[in-house]
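A, B, ... follow the sequence lines: proteins, then strands. Residue 1 opens every chain. Computed from a predicted structure; not experimentally measured.
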Number of protein chains: 2
Amino acid sequence: MRVGELSRRSGVSVPSIKYYLREGMLPAGERTGPNQADYGEDHVRRLRLVRALLDVGGLSVAAAKEVLAAVDGDVPLYEALGAAQDAVVTVPGGVSDEAAAEARAKVDGLVARRGWRVTEANPGRRAAADVLATYARLGWPQFGEAIDDYAAAMEQLAAREVESVLSGTDGGGRERAVEGAVTGTVLGGSLLLALRVMAQADASARLLGADPSDKFTTDS
Amino acid sequence: MRVGELSRRSGVSVPSIKYYLREGMLPAGERTGPNQADYGEDHVRRLRLVRALLDVGGLSVAAAKEVLAAVDGDVPLYEALGAAQDAVVTVPGGVSDEAAAEARAKVDGLVARRGWRVTEANPGRRAAADVLATYARLGWPQFGEAIDDYAAAMEQLAAREVESVLSGTDGGGRERAVEGAVTGTVLGGSLLLALRVMAQADASARLLGADPSDKFTTDS
DNA sequence: ACTATCGGATAGTGAGACTATCTATAACAG
DNA sequence: CTGTTATAGATAGTCTCACTATCCGATAGT
């Protein structure tokens, strides 16, 4: 098929397809002439993946590009998984104060307690420490105490997610396995946050909505 | 203090402070002359909160503005909590196909199973359904099956988070309670994702790294 | 033959988040 | 009291990002 049909099939405008081609997120079609190319089902699937990463996963084009490079590259699965994980955490430039050092120590302690095998450079380390340091700087150090509960919950889910990717792709080939790993990692994060929002709404309805005292609705 | 010192104390550049003032995210200082104003500790704290929401929470200025409006406004706590929740989920414009309908039904089923009291308009509903629909469209429907596990985990955490905000702010006044709710909701999301990344790295190290067969490192 | 479409290159657009400049002041050091 | 620096507020400029639009000389299909 040519670009017009690819556009119709994928719901992505022709200019956007050209843009993704330029950015190397979509492989070029098979050339059939000096100014003609042929696209296949793979291109349709890839385009859908691109839009999923951008729209649902909330990745930037640059982040999606790196993730897709890992999918296409000849890297082992765990490395592609790492690329996807890097893409979902925001790591702002960090200041180095007392709160930061303390936060890093807390994260190190957690990792040791749980026996997690994570490298020193794992972006989750920095990101988690950043949040803890920020809690402390804002005067909410107690929010950081829930970190063990968070970690226990994530450990369970992560084990299941990784298993799911492996079992669901047995025999599907490397490319498909990597695609699944990346999809699950990126979109799974969005799913998690969405469910957390609902769970919080429920929790606050139970703890506040059902209580007619309006304890916190006015200045005390 | 004047704007220069406020800048030094908060680590935010003077032009940026002026920008936040213009956007209404930072209240104006007390005027002491036609071109002089005085800022206090509240301004320093607010500025830190703004940067936390933007840098650590990953919110856009527009989203942060809405959250802060809820903090300042005379709304009940659960409503401010709702504003913060709205800010952390991305809700792209949705298509209406078979996958979308099925996904919505699955989310409705989940909500019913868990007895969650969430409104029809809760953004988490749409966001969760979007992810499930995308899984299906990409050919990974099995990833959606973990939704009950995700939900159970989030239910536990959310209950603890909401409790933590309430108990930690007893007597602190409405403003402080709302600030805590917002901070915990927004930054907690980042913390969760950071820990998930580490947990996944650990899980894949256990399931793949320890296995020397390199099962997925080459095309099969 | 003729019109719609194509691939590819280049340039333009609109939103978002600042950043710079300008204009009167006002504070302060010598 | 005078020169330097800082200030509030307004307006305009910048830079990045993620597209869009426009051209061009070929095809493709009728």
Euclidean distance, atom [atom1] of residue [X] to atom [atom2] of [N] [Å, nearest integer]:
X: B/Tyr19; N: C/dG16; atom1: OH; atom2: P; answer: 9 Å
X: A/Arg22; N: C/dG8; atom1: CZ; atom2: C1'; answer: 9 Å
X: A/Ile17; N: D/dC19; atom1: CD1; atom2: P; answer: 12 Å
X: A/Glu23; N: C/dA9; atom1: CD; atom2: P; answer: 13 Å

With sequence neighbours excluded, tell me which residues meet side chain to side chain donor-acceptor pair (under 3.5 Å) with [X].
X: A/Ser7; answer: none
X: B/Asp202; answer: B/Arg206
X: B/Asn35; answer: none
X: A/Ser60; answer: none

Among residues at least two apart in sequence or on other chains, which ones pass ring pair (Phe, Tyr, Trp, His ring centres under 6.0 Å) with B/Phe143?
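For B/Phe143, the residues satisfying ring pair (Phe, Tyr, Trp, His ring centres under 6.0 Å) (neighbours in sequence not counted) are B/Tyr135, B/Trp140.
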Using the C1' atoms of the five pairs at each end, what is the angle between the end axes of the helix from C/dA1-D/dT30 to C/dG30-D/dC1, to 10°?
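Result, rounded to 10 degrees: 10°.
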Could you name each residue pair satisfying salt bridge (Lys or Arg N to Asp or Glu O under 4.0 Å) that touches residues 55-69 of chain A, not counting sequence neighbours?
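Passing the test, one end in residues 55-69 of chain A: A/Glu23-A/Lys65, A/Arg51-A/Asp55.
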Please list all pairs meeting salt bridge (Lys or Arg N to Asp or Glu O under 4.0 Å) that have one or both residues in residues 33-47 of chain A, counting only residues at least two apart or in different chains.
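Counting only pairs at least two positions apart or across chains, the salt bridge (Lys or Arg N to Asp or Glu O under 4.0 Å) contacts touching residues 33-47 of chain A are A/Arg9-A/Glu41, A/Arg45-A/Glu179, A/Arg46-A/Asp72.
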For residues 49-65 of chain A, which residues have at least one heavy atom under 4.0 Å from DNA chain C?
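Listed by number, there are none.
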Side-chain donor-acceptor pairs under 3.5 Å in residues 191-198 of chain A, sequence neighbours left out?
from	atom 1	to	atom 2	distance (Å)
A/Arg196	NE	B/Glu161	OE1	3.4
A/Arg196	NE	B/Glu161	OE2	3.4
A/Arg196	NH1	B/Thr185	O	3.0
A/Arg196	NH2	B/Glu161	OE2	2.9
A/Arg196	NH2	B/Gly184	O	3.2
A/Arg196	NH2	B/Thr185	O	3.2

Can you tell me how far the OG atom of A/Ser13 sits from the CZ atom of A/Arg8, to the nearest 0.5 Å?
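It is 13.0 Å, given to the nearest 0.5 Å.
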To the nearest 0.5 Å, how far apart are CG in B/Leu26 and CG in B/Leu68?
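Those atoms lie 9.5 Å apart.
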Under-4.0 Å side-chain N/O to phosphate OP1/OP2 contact, A/Tyr20 with D/dA18:
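Checking D/dA18 against A/Tyr20, no side-chain N or O comes under 4.0 Å of OP1 or OP2.
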Counting only side-chain nitrogens and oxygens, does B/Ser16 get under 4.0 Å of the OP1 or OP2 atom of C/dT19?
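Yes, B/Ser16 has a side-chain N/O under 4.0 Å of OP1/OP2 on C/dT19.
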Output one line per pair: protein atom, nucleotide atom from nucleotides 2-9 of chain D, and distance, for all N/O pairs under 3.5 Å.
from	atom 1	to	atom 2	distance (Å)
D/dT7	OP1	B/Gly4	N	3.1
D/dT7	O2	B/Asn35	ND2	3.1
D/dA8	O4'	B/Asn35	O	3.2
D/dA8	N7	B/Lys18	NZ	3.4
D/dG9	N7	B/Lys18	NZ	3.2
D/dG9	O6	B/Lys18	NZ	3.3

Name all pairs fulfilling the ring pair (Phe, Tyr, Trp, His ring centres under 6.0 Å) condition that reach into residues 24-67 of chain A, sequence neighbours left out, sorted by first residue then second.
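Found A/Tyr39-A/His43.
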